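As the structure is a prediction and not an experimental result, all values here were calculated from the model.
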Amino acid sequence: MSDLLERLRGRGWRLTAQRRVVAEVLNGDHVHYTADEVHAKAAELLPEISRATVYNTLGELVSLGEIMEVSTDGRAKRYDPNAHHAHQHLVCSQCGTIRDVHPTGDLLAVLPAEERFGFQVAAVEVTYRGMCPNCSAA
Ligand SMILES: [Zn+2]
Ligand SMILES: [Zn+2]
């Protein structure tokens, strides 16, 4: 559980009604919504919430380090509340379902020294692609 709301309360982030619905929409596991999806879901809870407020709140949460921007298809930027636990993504090439996954082993270590070009390598992002059970059953 990403318990984003709990973390935000813990750090004393001022929870207005609008910020709260954005945080509620992003609370949970395997959550990777585009800004438009966050806005649509937030508007179900608080119809008057504006797109600008949603975008501003997302930007603020990213700069606080409480959500991450991810892009698994190279196009839409998605927002991921699982920002405190290193994880990688498993993506269905058919329907776009995204799962947080935790490969075993040290992904940094698999890059050989001669492929590092003198970089101090600090992070790695891996996207596993394939077909989810729903799509492969169809
Ligand atoms: Zn699928
Ligand atoms: Zn994720």
Distance in Å, [X] [atom1] paired with [Y] [atom2], rounded so as to fall on 0.5 Å steps:
X: L90; Y: D100; atom1: CG; atom2: CG; value: 10.0 Å
X: E6; Y: L4; atom1: CD; atom2: CG; value: 10.5 Å
X: L64; Y: L8; atom1: CG; atom2: CG; value: 7.5 Å
X: N82; Y: L26; atom1: CG; atom2: CG; value: 12.0 Å

Side-chain donor-acceptor pairs of residues 123-131 under 3.5 Å, sequence neighbours excluded:
residue, atom, partner, partner atom, Å
R129, NH1, T72, O, 3.1
R129, NH2, T72, O, 2.6

Is there a continuous path of hydrophobic side-chain contacts, each under 4.5 Å between heavy atoms, that joins [X] to [Y]?
X: L107; Y: F119; answer: yes
X: L61; Y: V70; answer: no
X: V62; Y: M68; answer: no
X: V101; Y: I98; answer: no
X: L58; Y: L46; answer: yes

Between R51 and Y55, is there a side-chain heavy-atom distance shorter than 4.5 Å?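 When only atoms from C-beta onward are counted, R51 and Y55 do touch, with a gap below 4.5 Å.
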With a 4.5 Å cut-off on side-chain heavy atoms, are R7 and E66 touching?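 Heavy-atom side-chain distance check passes, below 4.5 Å.
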Minimal non-hydrogen separation, [X] against [Y], with atom names:
X: Y79; Y: T34; result: CD1-C, 4.4 Å
X: Q94; Y: C135; result: CB-SG, 3.6 Å
X: A122; Y: L108; result: O-CD1, 4.0 Å

Ion pair E69/R78, N-O distance below 4.0 Å: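 Salt bridge absent between E69 and R78.
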Please determine, by modelled atom types, if D80 and H32 share a side-chain donor-acceptor pair under 3.5 angstrom.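 A donor-acceptor contact under 3.5 Å links the two side chains.
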Acceptor/donor pairs from residues 17-25 side chains to any protein atom, 3.5 angstrom cut, sequence neighbours excluded:
residue, atom, partner, partner atom, Å
R19, NH1, R14, O, 2.6
R19, NH2, E60, OE1, 3.2
R19, NH2, E60, OE2, 2.4

Side-chain (S136) to main-chain (C132) donor-acceptor, under 3.5 angstrom: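 Yes; judged by distance alone, with no hydrogens or angles, the pair exists.
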Within a radius of less than 6.0 Å around CD of Q120, do more than 12 heavy atoms belonging to other residues, nucleotides or ligands occur?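 Check fails, neighbour count at 12 or below.
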Output all residues satisfying ring pair (Phe, Tyr, Trp, His ring centres under 6.0 Å) with H87, sequence neighbours left out; order by chain, then residue number.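 Partners of H87 by the ring pair (Phe, Tyr, Trp, His ring centres under 6.0 Å) criterion, ordered by chain and then number, come out as H89.
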